[in-house]
Participant: 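What follows is a structure written as structure tokens; I'll ask about it next.
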Amino acid sequence: MKHILIVEDELKLARLQVDYLHNSGFDTNCLSNGLEVLPWLKANPTDLILLDLMLPGRDGLDICREIRSFSAVPIIIITARIEEIDRLLGLELGADDYICKPFSPREMVARVKAVLRRQQAQTTIPILTSALMLNPHNFRVLAEGQEVELTTVEFQLLQALYQQPGRIFSRSKLMDLIYQDHRIVSDRTIDSHIKKLRKKLTDLLPGQELIHSVYGAGYRYDPQDKVVD
Ligand code: CA
């Protein structure tokens, strides 16, 4: 469950925020004094902050700046004046979004979800070790969650290589695996299928080469060696 910190000194508004966020499956905590925010953040895991600007104790702008000096936690700034948003953008506070009062609580929940989704996407891509998922039962291939549209031959080639990472397959070995009816096809046929397959993969995984050509020998699949050769 995601923990949202609500910093708001209008108690009626804070309660409304709590209600809507709870109904959407979030856990919440509320603070009403600006001085409480930093100590609270340092002691409690927080996934997102809804930060009102005009607060007793300490100004929201100050709080935002200080949070950014030690944390990348998503911050949505809540301001009472729409014309202030331009000025806030100019200050480059590092906030993830801005909401103007009065706001619909539904809209607030939608913004919270959008910011969390964006942050999730940014943090999950670099830690994926295997970018490719191949399912031999339904012939589907996913590259970082996106479907790769492959022909049957491309799928078979990828499957052969993928199942034995690091092994070099000669063109004739690949032909045997794919054309089990011993059809006579040229080396070029394999090359052209591999070329199309690689293009489809790099379109979805830019900068990563999973299938490597080994000069004079054939091809190998290597998810560890992602450098484009
Ligand atoms: Ca206020």
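Just so we're clear, the structure is a prediction, and the values are computed from it rather than from any experiment. All ligand and atom numbering here is 1-based and tracks the order in the structure. Note: hydrogens, waters and symmetry copies are ignored here, and every other heavy atom, side chains too, is used.
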Participant: So which N/O/S atom does D52 have closest to the Ca ion (ligand 1)?
Facilitator: OD2
Participant: Between T28 and H22, does any side-chain donor sit less than 3.5 Å from a side-chain acceptor?
Facilitator: yes
Participant: Examine the side chains of D27 and H3 and answer whether a donor and an acceptor come within less than 3.5 Å of each other.
Facilitator: yes
Participant: Taking N, O or S atoms only and a limit of 3.0 Å, check whether E10 reaches the Ca ion (ligand 1).
Facilitator: no
Participant: Identify, by name, the N, O or S atom of D9 lying closest to the Ca ion (ligand 1).
Facilitator: OD1
Participant: Keeping R81 on the side-chain end and C100 on the backbone end, is there a donor-acceptor pair under 3.5 Å?
Facilitator: no
Participant: Using a strict 4.0 Å threshold on nitrogen-to-oxygen distance, state whether R198 and E209 make a salt bridge.
Facilitator: yes
